[in-house]
Amino acid sequence: MRRVLILGGTAEARALAASLTGAHVVSSLAGRVTDPRLPAGEVRLGGFGGAEGLAAWLRENRIDRLVDATHPFAERMSAHAAHAARATGVPLLALRRPGWAEEDGDDWRRVPSLPAAAGALPRGARVFLTTGRRSIPVFAARADAWFLARSVDPPEPPVPSNVEVLLARGPYTVDGERALLREHRLDVLVTKDSGGAMTRAKLTAARDAHIPVIMVDRPPLPEGVQATGDVAAAAAWAQG
Ligand code: NAP
């Protein structure tokens, strides 16, 4: 039986763990979210201690397939996975959901980074901020703007005075997102290009309300890493 490590924290990672019935699977989570959604099977929590720590863990646990199914913006973990795979010779596959695509009626501005997104905000904007609690300081520096910042867990205090925090976890509905935009009189949405269905409703609501979207582009995958967007293909690769 193959021994597979899934670097997780995403819906795709959970789907993969559930479908790998012919392998011994361990899923790894960073352990940052207070009450994470747990995948089926064995789970380990917390960092490995850098790329070297991950390489040592792969050796100690005799892992023979590594799947990087982390979030498309978990750039550091993906870099460590690529480094550890090279160091140990363990084959690595990245499982990445496709990014979102603009549709008719959308008004998107693509930017390369969170600071660029903060810089692209119109003066005095009322912003629906969905880029994660750790990004709040980058945006709150824009003192002319006001933010409704949605996150799964609370941000580190103190919360800046131009930020209201909304604790919530997807999936979200288009009706719910429309109501938020209306009730808070929001006039711009900021999001990372995470892709997937769980958090897509905000894009539809923004389109319907003629609200512009500032879309932070994904970081590239580490060089030379093979990737798929398909859970079944990743399962076949991991068990094959
Ligand atoms: P990151 O910045 O790329 O990683 C920072 C450090 O966290 C890594 O160096 C590693 O510590 C540890 N880590 C990250 N993912 C891990 C995993 N699956 N298992 C064990 N350790 C992990 O990662 P991040 O952006 O903070 O994301 C953390 C977790 O949240 C990931 O599992 C990711 O899939 C999930 N997530 C991220 C986002 C996002 O927007 N970034 C959104 C939803 C879910 P060591 O160096 O000590 O090994």
Side-chain angles (χ1 to χ4, degrees), residues 4-17 25-39 41-61 63 65-85 87-88 90 92-97 99-100 111-115 117 129-139 149-156 167-172 190-200 202 214-222 225 227 229 231 234:
V4 181
L5 174 65
I6 302 174
L7 302 171
T10 59
E12 292 71 27
R14 290 190 292 275
L16 179 63
V25 179
V26 181
S27 294
S28 174
L29 302 177
R32 298 254 175 69
V33 175
T34 316
D35 176 26
R37 289 194 173 108
L38 291 176
E42 197 175 322
V43 177
R44 67 164 297 288
L45 286 179
F48 294 92
E52 284 72 25
L54 174 58
W57 197 96
L58 293 172
R59 289 192 189 101
E60 276 158 28
N61 290 275
I63 296 296
R65 288 283 187 275
L66 174 60
V67 181
D68 172 13
T70 55
H71 190 272
F73 284 81
E75 197 174 0
R76 193 131 58 99
M77 191 68 245
S78 293
H80 292 176
H83 186 285
T88 57
V90 174
L92 165 67
L93 179 72
L95 173 58
R96 279 285 175 286
R97 62 180 90 138
W100 288 313
V111 292
S113 65
L114 294 165
L129 186 62
T130 63
T131 48
R133 62 188 160 139
R134 281 178 292 157
S135 69
I136 289 175
V138 176
F139 289 93
R150 183 164 67 191
S151 61
V152 176
D153 278 325
E156 288 289 317
L167 296 182
R169 169 145 58 183
Y172 304 103
V190 180
T191 177
K192 298 191 276 198
D193 186 6
S194 299
M198 288 238 289
T199 59
R200 186 191 285 139
K202 61 191 170 188
I214 297 177
M215 180 72 67
V216 182
D217 279 335
R218 297 171 166 205
L221 271 173
V225 173
V231 172

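Atoms considered below: every heavy atom in the structure, side chains included; atoms not considered: hydrogens, waters and symmetry mates. Atoms within a ligand are numbered from 1 in the order they appear, just like the ligands themselves.
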Inset, instruction - Check Gly47 against Arg44 and note the closest heavy-atom contact, atom names and distance. - result: O-NH2, 3.3 Å

Legend entry - Spacing of CG belonging to Leu45 relative to CG belonging to Leu38, to within rounding of 0.5 Å: 7.0 Å

Inset, instruction - Please report the closest heavy-atom contact between Asp68 and Ala81, naming both atoms and the distance. - result: CB-CB, 4.4 Å

Legend entry - Shortest protein contact, atom 15 (N) of ligand 1 (heavy atom only): Met77 CG, 3.5 Å

Inset, instruction - Please identify which atoms of ligand 1 are closer than 4.0 Å to at least one heavy atom of Gly47. - result: 11 (O), 21 (N), 45 (P), 47 (O), 48 (O)

Legend entry - Any protein heavy atom nearer than 4.0 Å to atom 13 (N) of ligand 1: yes

Inset, instruction - Check the pair Ser28, Phe48 against side chain to side chain contact (heavy atoms under 4.5 Å, CB included), reporting the backbone distance first and the verdict last. - result: CA-CA 9 Å; Ser28 174; Phe48 294 92; 3.3 Å; yes

Inset, instruction - Specify the closest pair of heavy atoms between Ser194 and Trp100, including all atoms of both residues, with the distance to one decimal. - result: N-CZ3, 3.7 Å

Inset, instruction - Could you tell me whether Ala69 and ligand 1 have an N or O pair separated by under 3.5 Å? - result: no

Legend entry - Nitrogen or oxygen of Ser28 less than 3.5 angstrom from that of ligand 1: yes

Inset, instruction - Evaluate the criterion side chain to side chain contact (heavy atoms under 4.5 Å, CB included) for residue pair Val26 and Asn61; output intermediate values, then yes/no. - result: CA-CA 10 Å; Val26 181; Asn61 290 275; over 6 Å; no

Inset, instruction - Could you establish whether Gly49 and ligand 1 come within less than 4.0 Å of each other, counting only heavy atoms on the residue side? - result: yes

Inset, instruction - Please report the closest heavy-atom contact between Pro39 and Leu29, naming both atoms and the distance. - result: CD-CD1, 4.3 Å

Inset, instruction - Provide the number and element of each atom of ligand 1 under 4.0 Å from a heavy atom of Glu75. - result: 3 (O)

Legend entry - Ligand-residue contact atoms, ligand 1 with Lys192, heavy atoms, under 4.0 Å: 39 (C), 40 (O), 41 (N)

Legend entry - Contact atoms of ligand 1, heavy-atom distance to Gly46 under 4.0 Å: 20 (C), 21 (N)

Legend entry - Proximal candidate to atom 7 (O) of ligand 1 [heavy atom criterion; set Glu12, Glu52, Arg32]: Arg32

Inset, instruction - Return yes if some donor-acceptor pair links the side-chain N/O of Arg169 with the main-chain N/O of Ser151 below 3.5 Å, else return no. - result: no

Inset, instruction - Could you tell me the residue and atom name of the protein heavy atom closest to atom 38 (C) of ligand 1, and the distance to it rounded to 0.1 Å? - result: His71 CG, 3.3 Å

Inset, instruction - For Arg76, take its heavy atoms, then give the atoms of ligand 1 lying under 4.0 Å from any of them. - result: 1 (P), 2 (O), 3 (O), 4 (O), 5 (C), 9 (O)

Inset, instruction - Of the side chain and backbone of Arg134, name the one, both, or neither that has a heavy atom under 4.0 Å from an atom of ligand 1. - result: side chain

Legend entry - Close-contact set for ligand 1 against His80 heavy atoms, below 4.0 Å: 9 (O), 46 (O)

Legend entry - Distance-only donor-acceptor check, side chains Arg150 and Thr199, under 3.5 Å: no

Inset, instruction - Check ligand 1 against Gly9 and write out every atom of the ligand that is under 4.0 Å from a heavy-atom position of the residue. - result: 32 (O), 34 (O), 35 (C), 44 (C)

Legend entry - Whether Gly31 lies under 4.0 Å from ligand 1, heavy atom: no

Legend entry - Sub-4.0 Å heavy-atom approach of Gly50 to ligand 1: yes

Quiz: residues 6-16 side-chain donor-acceptor pairs under 3.5 angstrom, not counting sequence neighbours:
from, atom 1, to, atom 2, distance (Å)
Thr10, OG1, Ala13, N, 3.0
Thr10, OG1, Ala69, O, 2.7
Glu12, OE1, Arg97, NE, 3.1
Glu12, OE1, Arg97, NH2, 3.1
Glu12, OE2, Arg97, NE, 3.2

Legend entry - Shortest protein heavy-atom distance from atom 48 (O) of ligand 1, along with the residue and atom involved: Phe48 N, 2.7 Å

Legend entry - Side-chain (Thr191) to main-chain (Leu129) donor-acceptor, under 3.5 angstrom: no

Inset, instruction - Specify side chain, backbone, both or neither for Leu54, according to which of its non-hydrogen atoms lie closer than 4.0 Å to ligand 1. - result: neither

Inset, instruction - Would you mind checking which non-hydrogen protein atom is closest to atom 32 (O) of ligand 1, with the distance to 0.1 Å? - result: Gly8 O, 2.7 Å

Inset, instruction - Write out the residue and atom name of the closest protein heavy atom to atom 17 (C) of ligand 1, then the distance separating them to 0.1 Å. - result: Ala30 N, 3.5 Å

Inset, instruction - Provide, to 0.1 Å, the distance between atom 27 (O) of ligand 1 and the closest protein heavy atom, together with that atom's residue and name. - result: Ala74 CB, 3.9 Å

Legend entry - Beyond-backbone contact of Pro72 with Asp193, side-chain heavy atoms, under 4.5 angstrom: no

Legend entry - Donor-acceptor under 3.5 Å (Asp153 side chain, Thr34 main chain): yes

Legend entry - salt bridge (charged side-chain N to carboxylate O under 4.0 Å, His left out) partners for Asp217, two or more places apart: Arg110

Legend entry - For Leu29, the ligand 1 atoms whose distance to one of its heavy atoms is below 4.0 Å: 17 (C), 18 (N), 19 (N), 20 (C)

